[in-house]
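Heads up, the thing below is written out as structure tokens.
Keep in mind the model is a prediction, meaning the values are calculated, not measured. We count residues from 1, following the sequence as given.
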Amino acid sequence: MKSIKQYLKKLWSIGLAVILLQGLSGCKKELNYTPEVFVSAQSVYKDEPGAIAGVTGIYQQLQTLKKSDYQLIGVIGTDEARCCYQAQGYGAYYAGIVGMDVYDITFNSQNADVTGFWTVCYQGIANANAAILYIPQIKNFAEPSVQNRLVGEARFMRALYYFYLVQLYGDVPMPLENTSFANGLPRIPQAQVYSQIESDLKFAVANCWPKSKLTGNDIGRASVEAAEALLGKVYLTLHDYTDAKTAFEDLINNYHISLLANYADLFDGQHENNAESLFEIQYSTDNSNDTQGLQNLYGSYAGPPIQGEAWNTHTPGYGGTVVCTTSFYADSVFARPYSWEYQYDARYNASINGYRYDPNSGSSDSWWWDPGQPTVKKYDISSSDIDVYHSGKNLYYLRSADVFLMYAETLNELGQMQDALAPLNKIRERAFGNGSLDFTITDQATLRSEIMDERSRELGAEGWRWFDLKRTGLLVSLVQQRDNPYVERGGGSDPHPKQNVSSKNMLYPIPLTELQNNQALGLKAQNPGY
């Protein structure tokens, strides 16, 4: 993994943010985010081509959030994946990443990823605000529906960035205009932020185009389905199960969202922007700046032996930062409720690379690896990629399987346990190929627990686990309960730092630079405990 980009200056420090003007033609992937020049918002939003280019630029901040170590936010610090124990010695920068995993003293207001994630979200918001302000003023749109769609996309993206911010940081500044805030901006109560997110997403649902209408260079843009799926996720986060149910049922019954037949196809790089994908982040090897480096992060460089592969027939790997927890791949998720079940789960071999140790001698294939700990397979590169730092594989933000599982959770919380089994078992039937392992649980508490584990089996390392645990109030208890990431075959002690998660970690710290530079805040505006 290479060093992250220099952090951009704050919106309220520079007034109007620049807009990234994008090239829209001649690219391998449909929606190309590559910035070509930096120009003012007024210069971009003067005509229809400029508006299309300007809105395309708003997606680039999401690409940035998912291409390197920012993507670990939502994955590590959970019961799903952890930093490998060697990462403790990688240096000061990686110490901050480990800090987010173990909730130690480096998980603070000066943590580079905590600060960078905040800053990139606000850059995306600044660019969205410019589009929302200027696009309605353009008079020469050939088709009004395109004009409305572009504003809908901008409001979808603004909602997406604010949804990240409010979940991670709580009350946050909420600029809705790009003006110079000489005296800074105060933190806005979460309820108001969520209200704005809901408003933006409702507008996006009403004005974005359905996936079926997004063709050619428009593939990869926010669709009606994406907006409604995110709106349903927001309602679920707020425990507004009635409105969540309405959103999910509209997607299932009226937009007929579906699953790919083969789970592994989701991650082979050959089925991008597929029927199951509701919104995915576009990457391309046409330009190294448009690539992502998650394979290097997730440590699956050359690939360990997969299930059934002879030890001496594979090439050892090296490097990496993240490994699966024991609770994810063996104890609590894939092996429950039946210890043999994972062997028949198509998601297991598609999601997890096998043990990195010799089962005969008990030795590791490399000094670099946690002995016996598997890694995440979803981000393995293919022959068409440049290297482990530069992959052109798209990444999912929302897909239909997530919606079906959220729908099951919603129905269960509404007391409709029997009805909740249908969407839940739809996911399991894809995983197992038949109905022999369908759930028949009707007890609400038990079903609630199974749905949460099913979300991990299905969506593991895709970035939702921390948010799922926070939403359901399980972050502290479940991480503490499952703090067993390392089980060396043949015995041995656990070299991983303990995850010292506590109630204060339900929120991230507000970046110190924000508290210092935003005159409306100050150091006393920090979240409790930091």
Side-chain angles (χ1 to χ4, degrees), residues 4 7-8 10-11 61-62 64-66 68-83 93-125 160-174 185-194 197 233-234 237-238 321-322 463-480 497 499-518 521-530:
I4 60 177
Y7 300 132
L8 297 165
K10 294 187 185 315
L11 165 63
Q61 283 72 56
L62 182 58
T64 298
L65 292 178
K66 294 297 184 180
S68 62
D69 43 282
Y70 294 151
Q71 192 271 350
L72 299 180
I73 292 176
V75 178
I76 59 174
T78 71
D79 60 339
E80 193 169 87
R82 291 206 59 184
C83 293
Y93 181 79
Y94 287 89
I97 296 176
V98 174
M100 293 192 299
D101 177 33
V102 302
Y103 302 97
D104 68 8
I105 194 171
T106 64
F107 183 38
N108 58 39
S109 63
Q110 298 180 70
N111 184 289
D113 284 284
V114 169
T115 300
F117 201 97
W118 169 286
T119 304
V120 173
C121 282
Y122 275 110
Q123 186 198 16
I125 289 166
L160 184 156
Y161 295 127
Y162 273 127
F163 189 41
Y164 269 136
L165 289 168
V166 73
Q167 290 178 98
L168 289 168
Y169 304 94
D171 299 347
V172 293
M174 192 173 67
L185 287 173
R187 295 177 68 181
I188 301 300
Q190 294 180 54
Q192 288 181 238
V193 179
Y194 275 112
I197 292 170
K233 189 181 284 284
V234 170
T237 300
L238 295 173
T321 304
V322 175
W464 292 117
R465 189 60 173 175
W466 188 92
F467 302 99
D468 285 347
L469 293 177
K470 175 179 177 175
R471 180 185 74 248
T472 55
L474 295 172
L475 179 65
V476 177
S477 62
L478 205 58
V479 170
Q480 288 178 341
Q499 287 176 302
N500 295 305
V501 64
S502 65
S503 59
K504 79 171 189 177
N505 302 125
M506 295 287 281
L507 291 175
Y508 274 35
I510 303 295
L512 178 62
T513 52
E514 181 65 28
L515 300 178
Q516 292 173 326
N517 297 333
N518 186 341
L521 297 183
L523 298 181
K524 292 183 179 180
Q526 183 58 272
N527 281 327
Y530 292 104

Original post:
Any Lys/Arg nitrogen of Arg471 or Asp468 sitting under 4.0 Å from an Asp/Glu carboxylate oxygen of the other?
Top reply: yes
Subject >> Flag for Tyr508-Asn111: side-chain donor and acceptor within less than 3.5 Å >> reply: no
Subject >> Closest non-hydrogen atom pair, Leu65 against Cys121 >> reply: CD1-SG, 3.9 Å
Original post:
Once you round to the nearest 0.5 Å, how far does CD1 of Ile76 lie from CH2 of Trp466?
Top reply: 12.0 Å
**OP:** Identify the two heavy atoms, one from Leu507 and one from Gly170, that lie closest to each other, and give their separation to 0.1 Å.
**Re:** CD2-N, 3.4 Å
Subject >> Under 3.5 Å: donor-acceptor pair, side chain of Asn518, backbone of Glu514 >> reply: no
**OP:** Report yes if the distance between the aromatic ring centroids of Tyr162 and Tyr194 is under 6.0 Å, otherwise no.
**Re:** no
Original post:
Sub-3.5 Å donor-acceptor pair from the side chain of Thr78 to the main-chain atoms of Arg465, do we have one?
Top reply: no
Original post:
Can any side-chain N or O of Lys470 pair as donor or acceptor with the backbone N or O of Met506 at less than 3.5 Å?
Top reply: yes
**OP:** Could you tell me the separation between the CD1 atom of Ile73 and the CE atom of Met100, rounded to the nearest 0.5 Å?
**Re:** 4.5 Å
Subject >> Approximate separation, where rounding is to 0.5 Å, of Asn505 CG and Gln499 CD >> reply: 10.5 Å
Original post:
OH/Tyr530 to CD1/Ile510 distance, rounded to the nearest 0.5 angstrom?
Top reply: 10.0 Å
Original post:
Of the non-hydrogen atoms in Ile97 and Asp113, which two are nearest, and what is the gap between them?
Top reply: CG1-OD2, 3.4 Å
Original post:
If you look at every heavy atom in Gly99 and Asp104, which pair is closest and at what distance?
Top reply: CA-OD1, 3.1 Å
Original post:
Given Phe467 and Thr237, is the side chain to side chain contact (heavy atoms under 4.5 Å, CB included) satisfied, shown in steps?
Top reply: CA-CA 9 Å; Phe467 302 99; Thr237 300; over 6 Å; no
Original post:
If only atom types and distance count, is the side chain of Asp79 paired as donor or acceptor with the main-chain N or O of Val479 below 3.5 Å?
Top reply: no
Original post:
Can you find a heavy atom in the side chain of Pro511 that is under 4.5 Å from one in the side chain of Tyr169?
Top reply: yes
**OP:** Under the side chain to side chain contact (heavy atoms under 4.5 Å, CB included) rule, what do Met174 and Leu185 come out as? Steps first, then yes or no, please.
**Re:** CA-CA 8 Å; Met174 192 173 67; Leu185 287 173; over 6 Å; no
Original post:
Have Asn527 and Arg187 got a donor and an acceptor in their side chains that come within less than 3.5 Å?
Top reply: yes
**OP:** Tell me, with the steps shown, if Leu168 and Trp118 meet side chain to side chain contact (heavy atoms under 4.5 Å, CB included).
**Re:** CA-CA 9 Å; Leu168 289 168; Trp118 169 286; over 6 Å; no
Subject >> Straight-line distance of Gln123 CD to Tyr161 OH, nearest 0.5 Å >> reply: 8.0 Å
Subject >> Verdict with supporting geometry, Val102 and Arg82, side chain to side chain contact (heavy atoms under 4.5 Å, CB included) >> reply: CA-CA 8 Å; Val102 302; Arg82 291 206 59 184; 2.9 Å; yes
Subject >> For the student: nearest non-hydrogen atoms of Pro173 and Tyr122, plus distance >> reply: O-OH, 2.5 Å
Subject >> For Lys504 against Pro528, the heavy-atom pair lying closest together >> reply: CB-O, 3.7 Å
Original post:
Hey, what do you get for CG (Leu160) to CD1 (Ile197), rounding to the nearest 0.5 Å?
Top reply: 9.5 Å
**OP:** Check for a donor-acceptor pair, side chain of Gln480 on one end and backbone N or O of Val501 on the other, with a separation under 3.5 Å.
**Re:** yes
